[in-house]
Amino acid sequence: MKTAAIGPVIRCEKLTKRFGAFTAVDAISFAVAPGEIFGFLGANGAGKTTAMRMLCGLLGPTEGAASVAGFDVFTQAERIKQHIGYMSQKFSLYEDLTVRENIRFYGGIYGLKTAAIREKTDALLQRLGLEAERNTLVGSLPLGWKQKLAFSVALFHDPAVVFLDEPTGGVDPITRRQFWDLIYEAAARGVTVFITTHYMDEAEYCDRVSIMVDGKIEALDKPAGLKQQFGVSTMDEVFLHLARGAKNVE
Amino acid sequence: MKAFLMFVRKESYHIFRDPRTLLILFGMPVALVTLFGFALTNEIKNADVAVLDFDHGVHARQVQNRLFSSGYFGLRDYARNYPDVAAAFRRGHVKLAVVFPAGFSSDFDHLGHAQVQLVADASDQNTAISLVNYATAIIRSYEQEVAPHRSGSPGPRVEAVARLYFNPGLKAAYTFVPGTMALILLLVSAMLTSITIAREKETGTMEVLLVSPMRQLPIIIGKILPYFLLSFVNGLIILALGVWVLHIPERGSLALLILETLLYILVALTLGVLISTRAASQQTAMLTSMLGLLLPTLILSGFLFPIESMPLPLQTVSRLIPARYFIVILKGIMIKGLGLRELWRETAVLFGMAGGLLLLALGSLKNRLA
């Protein structure tokens, strides 16, 4: 696995994004270590998506500094893309392509060699227990399988960081639990996991959690530390305590 | 390059696994061209006619012979009185009635002028006007031929002969087929590309593509390429239909015709990409390309209405319609046998449009999707 940078894999210093007079992301600073599962929380409209887009190289920041996998978000956005994986709530797979064709396509656009793609495809299908389904159209797979497949495809090119944008939205609790097993496995292999979620039980699974309110990071600690800091017993209460003070709520 | 090829391959899977795409791509053009070519003609062929002859003279018979041997009219009914004629019209049996009053032949011989009445079914006004014009022309030519000296001053008879260039038979297919071809190629190409990108936005796969190391340009070109090839096949089918089924001549260079068609398809495809970068859903993309392209192309391209007779503001707007130029090119090459020497202006405009649209689409893709 890639351990591109010594020290933090994601590093933000006063990273800011303004759209005209509106400051979507207001001087956020944090660092994420290799293999860490970093929960990125916030109400809708708090600026999570904008921050994530800047880190993925999709959106140019206004000021501050940030690097992902050792590359600068201002000047090396295209090189960042080679070293990150991405998965959203929409599963991001082509439903009219088979399992194998989807894997081959994503391997191809990340520039993997044909032989390597074949080899890794076999290994991946075996690990997921999907060998029998290799020529099945993704559209006809159950939701939980699609989700696991999408996650594995996001990791197919061995990225240093994987960005998960509400990956478990609309999924039942059992499937969500199984999905987290995959996340732990990936983190154990050294992949940094950057995840946004609205489920507070999932926030408990993270190594560390940051909570964004109105473009600023209002809290950042281990889940246990946060609960202690706000003197409450669940992450739900921590979140509500912070989010109630928000001005920009969708 | 490998990533790009992989992309094109993926795009081809989408196309061939979706029967609707193939139907739009190949079914619609063939159906529409045939429809426009055969059904929507304004020429007159064997129109049903009723004759009411109170005269029974030689000239009345001669005029009838002329009418029915022209190919434009067919005798449907021999009426005995006016109510018969009225009934035939009501039933829709006939489009035109020719009434010879009693004494028509003797008036013709002795007075030098005789009247014949033409009654047309004006519920279809265009056809009615054409029928009356055709019949009048035939009657007049008979009169000129049989009684040249009675119709005016004696001496050399001056006859105005209209000669029609390019389309002496006034075949409507000559106008409809190039127009339809321009319309169909534009709609099908633009619609399909606009849907394919909007679909990726809807399913969320576009985000993944943008986060990947693939650049925007290869994404756009990868999207366009399979449709480019298919639209080209499509264009050839429409051309073949035009030439072999609807008997449009191909007087100019076939190579030039094909190259111009490719250029036009490129314009249509980039237009589709531009629409799709701005449309959030497949439905929006489809409606925009259908309505936003269909009506202006139909009305302002010179397909249905002559551009010269439009008010100036509309003439100016029509300059933005790609089909306008392609129709001129098609007619120029196929019917008039012109070459690039005469058509370079239109060609240059299409080149400019393709380039401009591609730049716009690229800029738009960058801004809208990120």
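Throughout, protein chains are lettered first and strands after them, A, B, ... in sequence-line order, and every chain is numbered starting at 1. Please read all numbers here as calculations on a predicted model, not as lab measurements. Just the heavy atoms: all of them, side chains too, but no hydrogens, waters or symmetry mates, feed the values below.
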Practice item. Kindly determine whether Leu97(A) and Lys10(B) satisfy side-chain contact (heavy atoms from CB on, under 4.5 Å), including the steps that lead there. Key: CA-CA 8 Å; Leu97(A) 263 57; Lys10(B) 177 218 95 178; 3.6 Å; yes

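Leu210(B) has its side chain out of reach of Arg53(A): every pair of non-hydrogen atoms, C-beta onward, lies at least 4.5 Å apart.
Only the side chain of Tyr106(A) comes within less than 4.5 Å of a heavy atom of chain B; its backbone N, CA, C and O stay farther away. Heavy atoms of Ile80(A) lying under 4.5 Å from chain B are absent altogether. Of the two parts of Ile84(A), only the side chain, counted from C-beta on, holds a non-hydrogen atom closer than 4.5 Å to a non-hydrogen atom of chain B. Contacts of Thr49(A) with chain B are absent, with no heavy-atom separation under 4.5 Å from either backbone or side chain. For a residue to count as touching a neighbouring chain, one of its non-hydrogen atoms must lie under 4.5 Å from one of that chain's; by this rule Glu200(B) touches chain A with the side chain only. With a threshold of 4.5 angstrom between heavy atoms, Arg79(A) does not approach chain B through any atom at all.
Here the closest heavy-atom approach between residue Tyr13(B) and residue Arg104(A) is recorded as OH-NH2, 3.1 Å. Taking both residues in full, the closest heavy atoms of Ser88(A) and Glu207(B) are given as CB-OE1, 4.4 Å, listed atom of the first, atom of the second, then distance. Closest approach of Val211(B) and Tyr86(A) over heavy atoms only: CG1-CB, 3.6 Å. Heavy-atom minimum distance, Pro213(B) versus Gln82(A): CG-OE1, 3.3 Å. Considering all non-hydrogen atoms of both residues, Ile109(A) and Ala3(B) come closest at CA-CB, 3.7 Å.
No more than 12 heavy atoms of other residues, nucleotides or ligands lie within 6.0 Å of CZ in Arg319(B), so this atom counts as exposed by the packing criterion. Environment of CZ in Phe351(B): sparse, with no more than 12 heavy atoms of neighbouring residues, nucleotides or ligands closer than 6.0 Å. In this structure, Gln283(B) places its CD atom where only 12 or fewer heavy-atom neighbours from other residues, nucleotides or ligands lie under 6.0 Å away. Around CD of Glu119(A), the count of heavy atoms belonging to other residues, nucleotides or ligands within 6.0 Å does not exceed 12. Other residues, nucleotides and ligands contribute only 12 or fewer heavy atoms inside 6.0 Å of the CE atom of Met286(B).
Here Arg9(B) does not pair with Glu101(A) in a salt bridge; the nearest charged N to carboxylate O distance is not below 4.0 Å.
Note that CD1 of Ile117(A) and CE of Met6(B) are 4.5 Å apart. Values are rounded to the nearest 0.5 Å. In this structure, Glu11(B) CD and Phe105(A) CZ are separated by 8.0 Å, a value rounded to the nearest 0.5 Å. Distance check, rounded to the nearest 0.5 Å: CG of Leu93(A) to OG1 of Thr205(B) gives 9.0 Å.
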